[in-house]
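Notes follow the structure.
Any value given below was found using the heavy atoms of this structure, including those in side chains, with hydrogens, waters and symmetry copies removed. Owing to the predicted nature of the structure, the values given are computational and were not obtained by experimental measurement.
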Amino acid sequence: MKHLFVILLLAISTFSYGQNNTVSWAFESKKTGKNEYTLYLKATIKDGWYVYSQYLESDDGPVRTEIVLEDEGTISLDGKAVEEGQQIKGYDNLFDMNIIKYKKHLTITQKIHTKGDEKVKGYITFMTCNDEQCLPPTDVPFEIKLK
């Protein structure tokens, strides 16, 4: 009986992990001037799943994607982040509102200025849904070497 419980618990854990593994992220930077860089946050989204934009019309629907930089006052943003990917824009019955979401790929670019930092640390928060369910918002930490 004890072994059956352990096997069941392991199966549930494996199933839960697989469901949260719908998006993978890659992070990089490119130097564009003295103490100026462009950050690239790239999502690869499994078929049938979506990631929501940073720029939704309200907070009454899905959790919007958010980039949080742990800058300690040494990093300043240069404009708004730009999103590129396979965008779907329009009314969503699940949330009863207009939304912007991405399938397959999403690249967010953010220009920054630094005070001589060698890396940028932070995290990205995102929510992912398919046509039947949504997973809770997830935070993915990152550390990007500035080069």
Closest heavy-atom pair, M97 versus P62, reported as atoms and distance to 0.1 Å, is SD-CD, 4.3 Å

Does anything in residues 23-46 form a ring pair (Phe, Tyr, Trp, His ring centres under 6.0 Å)? List the pairs, not counting sequence neighbours.
W25-F126, F27-F142

Give every residue pair that meets the disulfide bond (SG atoms under 2.5 Å apart) criterion with at least one member in residues 36-100, sequence neighbours excluded.
none

Disulfide bond (SG atoms under 2.5 Å apart) partners of residues 54-85, not counting sequence neighbours, each pair once
none

Those residues at least two apart in sequence (or on a different chain) that pass salt bridge (Lys or Arg N to Asp or Glu O under 4.0 Å) with K121 are none

Hydrophobic clustering (ILVMFWY, side-chain heavy atoms < 4.5 Å, transitive) - are L41 and L77 grouped together?
yes

How is the hydrophobic cluster of V68 composed, in terms of its other members, when Ile, Leu, Val, Met, Phe, Trp and Tyr link through side-chain heavy atoms under 4.5 Å apart, directly or indirectly?
Y123

Keeping to residues at least two apart or across chains, list the disulfide bond (SG atoms under 2.5 Å apart) pairs with something in residues 87-147.
C129-C134

pair I144-L39: side-chain heavy atoms closer than 4.5 Å
yes

Could you state the interatomic distance from CD1 (I124) to CD1 (I67), rounded to the nearest 0.5 Å?
5.0 Å

Would you mind reporting whether T65 and T125 have side-chain heavy atoms less than 4.5 Å apart?
no

Looking at K101 and D92, is any side-chain nitrogen of the basic one under 4.0 Å from a carboxylate oxygen of the acidic one?
yes

For N21 against K46, the heavy-atom pair lying closest together:
O-CE, 3.2 Å

How far apart are the C-alpha atoms of Q54 and E83, what are their side-chain angles, what is the distance that settles it, and do they pass the side chain to side chain donor-acceptor pair (under 3.5 Å) test?
CA-CA 8 Å; Q54 302 168 90; E83 300 174 341; 3.0 Å; yes

Does V120 reach the side chain of L146, with side-chain heavy atoms less than 4.5 Å apart?
yes

Could you please spell out the steps behind the side-chain contact (heavy atoms from CB on, under 4.5 Å) verdict for Q133 and W49?
CA-CA 9 Å; Q133 66 177 328; W49 291 88; 3.9 Å; yes

Who pairs with D59 by salt bridge (Lys or Arg N to Asp or Glu O under 4.0 Å), at least two apart in sequence or on another chain?
R64

For K31, which residues count as a salt bridge (Lys or Arg N to Asp or Glu O under 4.0 Å) partner, sequence neighbours excluded?
none

The criterion is ring-ring contact (aromatic ring centres under 6.0 Å, His included); which residues satisfy it with Y102, sequence neighbours excluded?
none

Of the non-hydrogen atoms in M127 and V63, which two are nearest, and what is the gap between them?
SD-N, 3.5 Å

Could you list the donor-acceptor pairs under 3.5 angstrom formed between side-chain atoms of residues 105-115 and any protein atom two or more places apart in sequence or on another chain?
unit_1	atom_1	unit_2	atom_2	d
Q110	OE1	A81	N	3.1
Q110	NE2	G79	O	3.0
H113	NE2	D78	OD2	3.4
T114	OG1	G116	N	3.3

Could you give all pairs that pass the disulfide bond (SG atoms under 2.5 Å apart) test and reach residues 34-64, with sequence neighbours left out?
none

Checking salt bridge (Lys or Arg N to Asp or Glu O under 4.0 Å) against E28, which of K119, K147, K42, K145 comes through?
K42

Count I, L, V, M, F, W, Y as connected when their side-chain heavy atoms are under 4.5 Å apart, and connections chain through other members. Are L56 and L94 then in the same cluster?
yes

Using a 4.5 Å side-chain heavy-atom cut-off and chaining through intermediate ILVMFWY residues, the residues clustered with Y50 come out as I88

Closest heavy-atom pair and its distance - G48, N130:
O-CB, 3.0 Å

